[in-house]
Peer 1: 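For reference, the structure I am asking about is given below.
This chain uses plain numbering: 1 for the first residue, then up along the sequence. Below, each value reflects all heavy atoms present in this structure, side chains not excepted, and no hydrogens, waters or symmetry copies.
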Amino acid sequence: MTTIKQPQGEKRLFDLLERRRRIAPQHPVFNYKENGQWTKHYIDEYIEKANLISYALLQLGVQRGENVALISTGRPEWNYIDMGVQQIGAVLVPIYPTISEEDYLYILTHCEVRYIFLESKELLRKIKNILPKLERIQKIYTIVPCDTESSLEDLYQLGKEHPATVEVETIKSSITEDDTATMIYTSGTTGTPKGVMLSHKNILTNVLGIKDSPEDHWNRALSWMPLCHIYERMMNYLYQFLCMEISYAESLAKVAENAQETNPYIMAAVPRFIEKMYDKLFRKGEKLTGLKKKIFTWGIELGFEYELDESKLSLGYKIKRRIADKLVYGQIRSALGNNFRMLVSGGASIQPRLTRFFSCVGLDLYEGYGLTECSPLVAVTNSYAPEGRRIGSVGFALPGIEVKTDPDTNELLCRGANVMKGYYKAPELTAEAIDEEGWFHTGDTGRIEPSGHIFLTGRTKSMFKTSMGKFVNPEVIEEKFKESPFILDMMVVGEGQKFAAAIIAPDFDMVKDWCKRHNVAAQNREDIVADKTVLARFQRVMDKYNAQLGNTEQVKRFKLVTDTWSESNKMLTPTLKIRRKNITATYSKEIEELFK
């Protein structure tokens, strides 16, 4: 096993601040859009405000090891608070801005915080509703000033009035790489959220493991995922380590617009985002007519034939690709700015055809695999190793990290400096997850080839057995069917039944466009999911992908539903994975009818 040699002095996350000031003091750290204008933030401001927060928190009596909550989208202040909390040995608990009041109540009660940082009035309203039940809360600070609460500016002022330079430096010098830097609550696809305790070393192991992936001249990145998502947060630290300028997108809907404005080289994403990027392109192409449509469709199909190892491409293919680049691919790239080169996908498997397509377009799609408990990366594709990127593979284990499969279940096991310290106040759950030899049991099944390439094959908890005694891996089937632009989300069911079936949430934008082009009168959702012509079209989708599956895996029946699955209706987690338990409960009647 290869070990990582950490740079001298950069063993705690807050050490990144002095590194940045030493290496690139004049290059912007953050870029944030306020009142319609992008504003750049530099390292001196970053350090000053982080220190003021440290001073103020000490004045408030925050103790080493104490939990402090932060609920906000990505913005410079998120980082100021993060480092300010870390520098006094306290533990930042970042929480998704989109979860329910019920989840906020559970997390804030469980981690016993006294102080909460909130971004806005909207979030304040949600917390105010449950505040009477949060007896420990002493103060709420808002990043965007609100008339009814203290603001972050008030905290800065408190820090200015009570500077504690010597005390903060003394605490910082005593903090080790093994101390807890943050606690992140899992999004809870299968049950109650668990507080994952991650050390400085855990996260820096990931940062150092992938620091050579971006090109040296890449100096700008775009960030749109919540920073409470450990994947985006780790990438945020990577960008800081590499002295990049990080632009925070205004919203998911404005990612393309903000990319055109800021010209990033790299961006992290989850597979669902990349799938929607492609679906949007597909719908755009469907609206073209005549020769333009033929050229666009030809370019798309050509992309699906692309090989990552260009030595495997024929001269004829290379010539066609060069033509397609001028006619189709260049326009796609320009939608994400002039410099965009790399999409880094994590959180779940990505459709192999999308890896081919976006890489052919010139937006190299790199894939990683991990979990919150692993800070988060276990493996990542590698552009420097022989066949470092292989279609369908999530890459190689990072340096310093061991991965193996359980010989009986094919579950992936991970051991290394990236593995969490444990679950907060849950030693029994920690013991279940990490065995006596230090192997973390991921809950994912997979295989490891002799070359070291890791392939995911499913989740142990989502697999089910039919009445015929055959095991079915629903995630593999769902991933295949979601290649269709007609299907936004899908859940395969069939535990104890004779066959597999599915509940399908259609992409109604795509379906409505199709209905218009084929003179189908149905336009509201209720009529669409009941329309015989629409159902026949979906049956053709079923037939197409069933032909690529074994008999046991084939979806024999399906039910279209009118809902779009989201975080707000609790069908998706904040990381956009389906909540199987909630979907099963919501559509229990429909599922029952599928097997009658």
Peer 1: Check the pair Ser151, Glu153 against side chain to side chain donor-acceptor pair (under 3.5 Å), reporting the backbone distance first and the verdict last.
Peer 2: CA-CA 5 Å; Ser151 70; Glu153 289 294 333; over 6 Å; no
Peer 1: I'd like to know whether Glu77 forms a side chain to side chain donor-acceptor pair (under 3.5 Å) with Ser72, so could you lay out the CA-CA distance, the side-chain angles of the two residues, the decisive distance to 0.1 Å, and finally the verdict.
Peer 2: CA-CA 9 Å; Glu77 293 88 348; Ser72 172; over 6 Å; no
Peer 1: Testing the 3.5 Å rule here: is there a donor-acceptor pair between the side chains of Tyr156 and Asn51?
Peer 2: no
Peer 1: Count the heavy atoms of every other residue, nucleotide or ligand shown that sit under 6.0 Å from NZ of Lys425, and state whether that count exceeds 12.
Peer 2: yes
Peer 1: Measure from the side-chain N and O atoms of Thr457 to the backbone N and O of Thr445, and report whether any donor-acceptor pair falls under 3.5 Å.
Peer 2: yes
Peer 1: Under the criterion side chain to side chain donor-acceptor pair (under 3.5 Å), I'd like the reasoning laid out for Glu567 against Thr573: C-alpha separation, chi angles, the key distance, then a yes or no.
Peer 2: CA-CA 6 Å; Glu567 297 172 64; Thr573 71; over 6 Å; no
Peer 1: Do NZ/NE/NH1/NH2 and the carboxylate oxygens of Glu478 and Lys482 come within less than 4.0 Å?
Peer 2: no
Peer 1: With side chain to side chain donor-acceptor pair (under 3.5 Å) as the test, would you mind laying out the steps for Gln351 and Tyr278 before giving the verdict?
Peer 2: CA-CA 11 Å; Gln351 297 173 14; Tyr278 171 76; over 6 Å; no
Peer 1: Are Arg341 and Tyr265 close enough that a side-chain donor and a side-chain acceptor fall under 3.5 Å?
Peer 2: no
Peer 1: Any donor-acceptor pair under 3.5 Å linking the side chain of Glu250 with the backbone of Asn258?
Peer 2: no
Peer 1: Can you confirm whether Lys276 is buried at NZ, in the sense that more than 12 heavy atoms of other residues, nucleotides or ligands lie under 6.0 Å from that atom?
Peer 2: no
Peer 1: Which distance, rounded to the nearest 0.5 Å, do you find between the CG of Leu16 and the CG of Leu242?
Peer 2: 10.0 Å
Peer 1: I'd like to know if Arg114 pairs up with Glu66 as an ion pair, taking the criterion as any Lys NZ or Arg NE/NH1/NH2 lying under 4.0 Å from an Asp or Glu carboxylate oxygen.
Peer 2: yes
Peer 1: Does Lys49 qualify as a cation-pi partner of Tyr80, given the criterion of NZ or CZ under 6.0 Å from the six-membered ring centre and within 45 degrees of its axis?
Peer 2: no
Peer 1: If the test is side-chain hydrogen bond (donor to acceptor under 3.5 Å, both in side chains), which one of Asn206, Asp82, Asn79 qualifies with Tyr237?
Peer 2: Asp82
Peer 1: Between the side chains of Tyr185 and His110, does any donor sit under 3.5 Å from an acceptor?
Peer 2: yes
Peer 1: For Asn338, what residues pass the side chain to side chain donor-acceptor pair (under 3.5 Å) criterion, not counting sequence neighbours?
Peer 2: none
Peer 1: Quick one, Val403 and Leu413 - any side-chain contact, counting heavy atoms below 4.5 Å?
Peer 2: no
Peer 1: So, Thr262 side chain and Ser247 main chain: donor-acceptor pair closer than 3.5 Å or not?
Peer 2: no
Peer 1: In a check of salt bridge (Lys or Arg N to Asp or Glu O under 4.0 Å) between Glu10 and each of Arg22, Arg20, Lys211, which one passes?
Peer 2: Arg22
Peer 1: Assess Arg389 against Tyr366: is NZ or CZ under 6.0 Å from the centre of the six-membered ring, and within 45 degrees of the ring's axis?
Peer 2: yes
Peer 1: Kindly indicate, with the supporting measurements, whether the criterion salt bridge (Lys or Arg N to Asp or Glu O under 4.0 Å) is fulfilled by Glu373 and Lys194.
Peer 2: CA-CA 10 Å; Glu373 291 88 341; Lys194 300 185 288 289; 5.2 Å; no
Peer 1: Relative to each other, are the rings of Phe455 and His453 parallel, tilted or perpendicular (30° and 60° limits)?
Peer 2: tilted
Peer 1: When you measure from the side chain of Asp178 to the backbone N and O of Lys201, does any donor-acceptor pair fall under 3.5 Å?
Peer 2: no
Peer 1: State the CD-NZ distance between Glu177 and Lys11, to the nearest 0.5 angstrom.
Peer 2: 5.5 Å
Peer 1: Quick check for you: to the nearest 0.5 Å, what is the distance between Tyr369 atom OH and Thr381 atom OG1?
Peer 2: 15.0 Å
Peer 1: Which of these, Asp179, Thr176, Leu204, Ile175, sits in a side chain to side chain contact (heavy atoms under 4.5 Å, CB included) with Arg12?
Peer 2: Ile175
Peer 1: Relative to Tyr306, does Arg353 satisfy both conditions: NZ or CZ under 6.0 angstrom from the six-membered ring centre, and within 45 degrees of the ring's axis?
Peer 2: no
Peer 1: Would you say Glu34 has more than 12 foreign heavy atoms packed within less than 6.0 Å of its CD?
Peer 2: yes
Peer 1: Under the rule for side chain to side chain donor-acceptor pair (under 3.5 Å), what residues qualify as partners of Asn202, not counting sequence neighbours?
Peer 2: Ser199
